[in-house]
Amino acid sequence: MPAELNAEQRKALEDEIKVMGDEIRKLKTEKADPAVMFRTLASKLAFSIRLSEETVVKPRIAYAQRSGRRIKERVNKMLEKKKELGGGEEKPGKFVLKTGKGTRDYGPAQSALRNSVLQNVVETFNKYGAETIDTPVFELRDVLMGKYGEEGGKLVYDLQDQGGELLSLRYDLTVPFARYLAMNKITNITRYQIAKVYRRDQPVMSRGRYREFYQCDFDIAGQYDLMLPEAECLGIVNELLTKLEIGEFFINLNHRLILEGMFAVSGISPKDFKTICSSVDKLDKTPWAEVEEEMIKEKFLTKEQTSKLGELVRFRELNSNLNNLELLEKMSALPELGQNEKFKKGAEELKVLIGYLEVDGVTTVRYEPSLARGLDYYTGAIYEAVAPKALEGTAAEKAEDTAGQPVGVGSVAAGGRYDGLVNMFDSKLKVPCCGVSFGIERLFAIMEARQKSAVRTTQTEVYVASAQKNMVIERKKLLRTLRAAGIKSEMPLKANPKLLTQFQYAEERRIPLVVLIGERELQEGIVKLRNVVSREEKDVPLDSLVSTIRDNLAAL
């Protein structure tokens, strides 16, 4: 039976329970995880109760019973609150074995495929002269907020107060990069970064849309001549997507100043630019009629404004037979638009970029007036790569969560120029930047869906096997020799494995060569070298084994 509480202790405990009730309401508003919330508050309450019970005072049974009854009532109310917030009954030792919504595990086969994609990404970035950096997975909340537009800002994961710091998980790698430049006073760098980012989005797993996913960023920071950095970024996009063999793709291209010019001649106020951009940016997935309805009913544009804007942002759709330069020229010939200074400047810059891309042999770029990337920090050229038929004919095309949707995966890479972002963190530091970010999970989803043959899950080159028993020491000696020579090798971790089992292991894991050792081979100073695919065997002297293996691996 609990000890009696004096008036001061009872008041303190009741105050503690009141504070916990306030915390429950706050956490419910913030949509915290109900299970975590309950465990935290319950442990606090239990601690307070134990602290009170440890106080030695003269017992008065009636009050102790009444106090214990009040505490039980409070706990029962907390349990009811937990049920309201969606938390079910927990049984000791029982767990729901699943990954969080919008996340997934990667087994050996998936990890091997993803690593091969990342290897191609890194090789391409290095070819273009980039250095690599890394930044923390969370940032101060103020660093991230206000940089991602109307829609993006809603998707940032906020963390609870950590010792006086309000933190959020990074939404992308670009804003942390700008913070890194400002903090370290860096004015010139070509960098790449490959790391996970987090978005509180509605996931579509079969199309590579997750809440936790890798981004691969390439950025050029510094003062350079007009459109040369953009040409490098678009060259990387074209080269990498071609190398990954994801099927047909193209790179949509537009300019922030062109968008501002089109909005101005449509009679749309500059203060509405961001919110209308978020609507226009939906045109790749949503019919114009629906986008127009949203702008009229939710963003209070007039029919006259939306009709004029629709003619301009759909100019590619309405003139599909024109190439990039012809489309820009025809838009420039429109009386009102052609006289707008912002449109004229944006169009002239894109013409320079298109000329550079022709020299580089990049033919996948398509000028698209409806491209309106929703991030607030873009100031110049913007671009987005899409693969509209990437999943055609694959199992993902018929997945339940995307039934009836197009067979593409949306954007697989995107970027643009952002000259003012670093300046937002340091008003005295002006560092022009442009870059591109690849959605590696979407690229991986395409390659995984299109994959027709098994992928190797290890890099083992040689498997050391034995034909008789009691050969562990000899196998280990041979394994040491091969590893010392830099040859990726392994052996069965059993003393007396069956020969057939060893051969099957090598074939299943697609290990190209098997070195077979036995009593006869030991006596004659040789080993058998077996090609796993052809199953051909030949005797090789021990003193030339390493060179023979290297020759065979080079020929495969």
Side-chain angles (χ1 to χ4, degrees), residues 146-155 171-172 174 201 230 233-234 237 250-296 298-301 305-319 324 327-328 331 334 337 340 342-343 345-347 349-350 353 365-386 388 408 410-421 434-437 439:
K147 313 297 191 304
Y148 300 115
E150 182 181 14
E151 298 297 326
K154 300 174 183 178
L155 306 181
Y171 176 92
D172 70 355
T174 305
D201 204 351
E230 283 85 348
C233 291
L234 291 172
V237 176
F250 51 85
I251 306 167
N252 287 326
L253 173 66
N254 203 3
H255 199 291
R256 170 75 179 252
L257 293 179
I258 287 178
L259 282 168
E260 291 182 0
M262 291 191 300
F263 282 30
V265 301
S266 300
I268 298 171
S269 171
K271 67 181 178 63
D272 293 326
F273 179 81
K274 295 175 184 177
T275 185
I276 302 304
C277 263
S278 67
S279 295
V280 173
D281 201 35
K282 298 174 182 177
L283 278 174
D284 60 334
K285 311 180 201 68
T286 309
W288 167 251
E290 293 182 23
V291 173
E292 184 179 34
E293 184 180 15
E294 176 186 289
M295 290 191 290
I296 293 173
E298 299 180 21
K299 301 183 178 180
F300 310 112
L301 294 187
Q305 289 173 318
T306 59
S307 296
K308 205 163 189 178
L309 181 63
E311 292 175 1
L312 297 176
V313 297
R314 299 168 63 209
F315 212 78
R316 160 67 66 183
E317 178 187 341
L318 301 173
N319 298 272
N324 293 328
L327 202 66
L328 280 167
M331 292 187 75
L334 297 174
L337 187 63
N340 182 276
K342 288 187 175 181
F343 175 85
K345 188 173 188 301
E349 290 189 2
L350 287 193
L353 177 57
V365 171
R366 184 179 72 172
Y367 169 55
E368 177 52 76
S370 68
L371 177 63
R373 300 278 300 153
L375 305 185
D376 283 2
Y377 51 68
Y378 287 123
T379 58
I382 51 178
Y383 30 85
E384 181 177 68
V386 293
S411 170
V412 293
R417 173 158 290 278
Y418 52 101
D419 287 346
L421 190 54
C434 81
V436 63
S437 176

Quiz item: Do any pairs count as a ring pair (Phe, Tyr, Trp, His ring centres under 6.0 Å) and have a residue in residues 269-289, sequence neighbours left out, and if so which ones?
Solution: Phe263-Phe273
Roughly how far, to the nearest 0.5 Å, is the [atom2] atom of [Y] from the [atom1] atom of [X]?
X: Lys299; Y: Asp272; atom1: NZ; atom2: CG; answer: 9.5 Å
X: Lys154; Y: Asp201; atom1: NZ; atom2: CG; answer: 12.0 Å
X: Glu317; Y: Glu368; atom1: CD; atom2: CD; answer: 8.5 Å
X: Met295; Y: Ser279; atom1: CE; atom2: OG; answer: 6.0 Å
X: Ser307; Y: Ile296; atom1: OG; atom2: CD1; answer: 7.0 Å

Testing the basics here: between [X] and [Y], what is the closest heavy-atom pair and its distance to 0.1 Å?
X: Leu350; Y: Ala381; result: CD2-CB, 4.3 Å
X: Ser411; Y: Glu384; result: OG-CG, 3.4 Å
X: Leu371; Y: Leu259; result: O-CD1, 3.6 Å
X: Phe315; Y: Pro369; result: CB-CG, 4.0 Å
X: Gly435; Y: Cys233; result: CA-SG, 3.7 Å
X: Val313; Y: Ser370; result: O-CB, 3.2 Å

Practice problem: Look only at the side chain of Ser278 and the backbone of Thr275, and say whether a donor-acceptor pair between them is shorter than 3.5 Å. | Solution: yes
Quiz prompt | Residue from Asn340, Leu334, Leu312 passing side chain to side chain contact (heavy atoms under 4.5 Å, CB included) with Met262 | solution = Leu312
Quiz prompt | Set of residues satisfying side chain to side chain contact (heavy atoms under 4.5 Å, CB included) with respect to Glu290, sequence neighbours excluded | solution = Thr286, Pro287
Quiz prompt | For Asn324, side chain to side chain contact (heavy atoms under 4.5 Å, CB included) partners two or more places apart | solution = Arg316, Ile354, Arg366, Tyr367
Between [Y] and [X], is there a side-chain heavy-atom distance shorter than 4.5 Å?
X: Val365; Y: Leu353; answer: no
X: Ile258; Y: Leu328; answer: yes
X: Glu311; Y: Ser266; answer: no
X: Met331; Y: Leu337; answer: yes

Exercise. Using the side-chain contact (heavy atoms from CB on, under 4.5 Å) rule, take Val291 and Glu294 through it: C-alpha gap first, then chi angles, then the decisive distance, then the call.
Key: CA-CA 5 Å; Val291 173; Glu294 176 186 289; 5.7 Å; no
Quiz item: Taking His255 as the fixed residue, which of Arg417, Glu349, Lys345 is the one that meets the side chain to side chain donor-acceptor pair (under 3.5 Å) rule?
Solution: Glu349
Exercise. Apply the test side-chain contact (heavy atoms from CB on, under 4.5 Å) to residues Leu309 and Ile276: give CA-CA distance (whole Å), side-chain angles for both, the deciding distance (0.1 Å), then the verdict.
Key: CA-CA 10 Å; Leu309 181 63; Ile276 302 304; 4.0 Å; yes
